[in-house]
2 protein chains.
Amino acid sequence: MNQRISRKRKEFLTRRGDILSAAEKVFAAKGFYGSTMDEIAKRAEFGTGSLYKYFRGKKDLYFSLIDEKVGEITRLVKAELDKDLPPIERIESILHLQLSFIQRNRDFFKIYISERNRFEWTIKDELGKGVHEKFMTYIDSLGEVMRQGIEGGQLKEMDPRDMAHGFVGIVNSFVFEWIMSPRAYSLVSKRPTITNIFFDGVRSQKTRR
Amino acid sequence: MNQRISRKRKEFLTRRGDILSAAEKVFAAKGFYGSTMDEIAKRAEFGTGSLYKYFRGKKDLYFSLIDEKVGEITRLVKAELDKDLPPIERIESILHLQLSFIQRNRDFFKIYISERNRFEWTIKDELGKGVHEKFMTYIDSLGEVMRQGIEGGQLKEMDPRDMAHGFVGIVNSFVFEWIMSPRAYSLVSKRPTITNIFFDGVRSQKTRR
DNA sequence: TCATTTTTTGAATTCTAATTCATTAAATTA
DNA sequence: TAATTTAATGAATTAGAATTCAAAAAATGA
């Protein structure tokens, strides 16, 4: 039982992937409710009905998209966490990782950013719930990194969870601005600014004799 | 021509207000697409059709809601900006103002937070466009405060716009966490944590002889 | 090649909810 | 109070898409 994932199956997955990337563009441009299955099908060069061979329905398509990418970045971050770096460098490298991933996946993050804060289906919907849960898991592991930094004396005494929230807040804000902005500057170039604010704050050092 | 805004008109506005607050609760609980005009009408104790005497339609109702509250907080912040305080205290007092306003208007902010990042209608829709524009205006005036702080030597050299983004990022993050959290702690109590991170960063001071 | 199975298709169906509007009720005024 | 104007009502209409499904096309393999 080795290659019982072959041909047929492989082609199926390829087509599925094609549909996902068509959907990514449509959703990014018009949001969930603004997009129609017709438009996604047209863009992917399939008949409308065909999409239902690959996904249970519109929501399933949408959340599969989110799942796939979130899985990807999660794996990247996890790998980074396995490297044994000093806390501050570790945070910096995670930051770099994220910024460059986001830069490479602008369309997707347009979707993700507006989804993370959606209450509509956070409540009841099984699919929607996952998005926020995964975000919380991420905050948790980031908090763990912070805790290590505090224990090691590199970071100040403070609730590590709060610290993690502060961090993602700053990052999100720059990501959001970058995504909204028509001018296409490099997101990665914002890294020094972000670490500067997060690690050292905005107060002038001159005043602190 | 003094009180040509009377009785009739006053009653009209009262009812309009009643509808708005019913809508606030429904939208906060279910989001824009999850809410129906029927439910809002029922909650406000009106017939469905009546809502259309007060608002052009669902979108208009929704954005009127946002407009009203954003106008309110904007006026408060503007008043605060008129007081002539040193930059750091000014930022702290704006922060306090906001946190307590948000604490008093949790339902509304549930709506607002998920709206600020909505692309669906940011693009074409006249109504939707306004939300993001007002946010940008807010960033601008915050940037101006930062600029003054930099000029006065209280804040370090840095693009004041970036500084403003960092600030709202941290704030948003704590607001978001507070809104999502079922545990009802005081949002205002997070103020010291926020200022601590924003002004002084998270790096331990011990390491900096 | 041709019968059989699998996949694709998009028009027809179904569902959902916004909006309209003829009817009814309330308020105003003579 | 009765006529008239104004507002409220909610059932009926309309609109917009998601989903289904019978027919057509493609792939398979004998």
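Evaluation of the side-chain hydrogen bond (donor to acceptor under 3.5 Å, both in side chains) rule for A:E24 yields no partner, not counting sequence neighbours.
Summarising the geometry, the separation between CD on B:E11 and C1' on C:dA27 is reported as 10 Å, rounded to the nearest angstrom. A:D60 places its CG atom 14 Å from the C1' atom of D:dA18, with the value rounded to the nearest Å. Put simply, CD1 on A:I40 is 14 Å from C1' on D:dT19, counting in whole angstrom units. Rounded to a whole Å, the CD1 atom of B:I19 is 11 Å from the C1' atom of D:dA8.
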Subject >> Steps toward side-chain contact (heavy atoms from CB on, under 4.5 Å) verdict (B:I150, B:M163) >> reply: CA-CA 10 Å; B:I150 296 165; B:M163 223 180 242; 4.0 Å; yes
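Between B:K190 and A:D162 there is a salt bridge, with a side-chain nitrogen of the basic residue lying less than 4.0 Å from a carboxylate oxygen of the acidic one.
The cationic group of A:K110 does not satisfy the cation-pi geometry with A:F176, failing either the under 6.0 Å distance to the six-membered ring centre or the 45° limit from the ring axis.
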Original post:
How does each nucleotide of nucleotides 8-25 of chain C score, in 5' to 3' order, for protein heavy atoms under 4.0 Å: base (B), sugar-phosphate only (S), or none (-)?
Top reply: BBB------SSBB-----
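Here the two rings, on A:F55 and A:Y62, have centers that are 6.0 Å apart or farther. Taking the ring centroids of A:Y33 and B:F32, they lie at or beyond the 6.0 Å cut-off.
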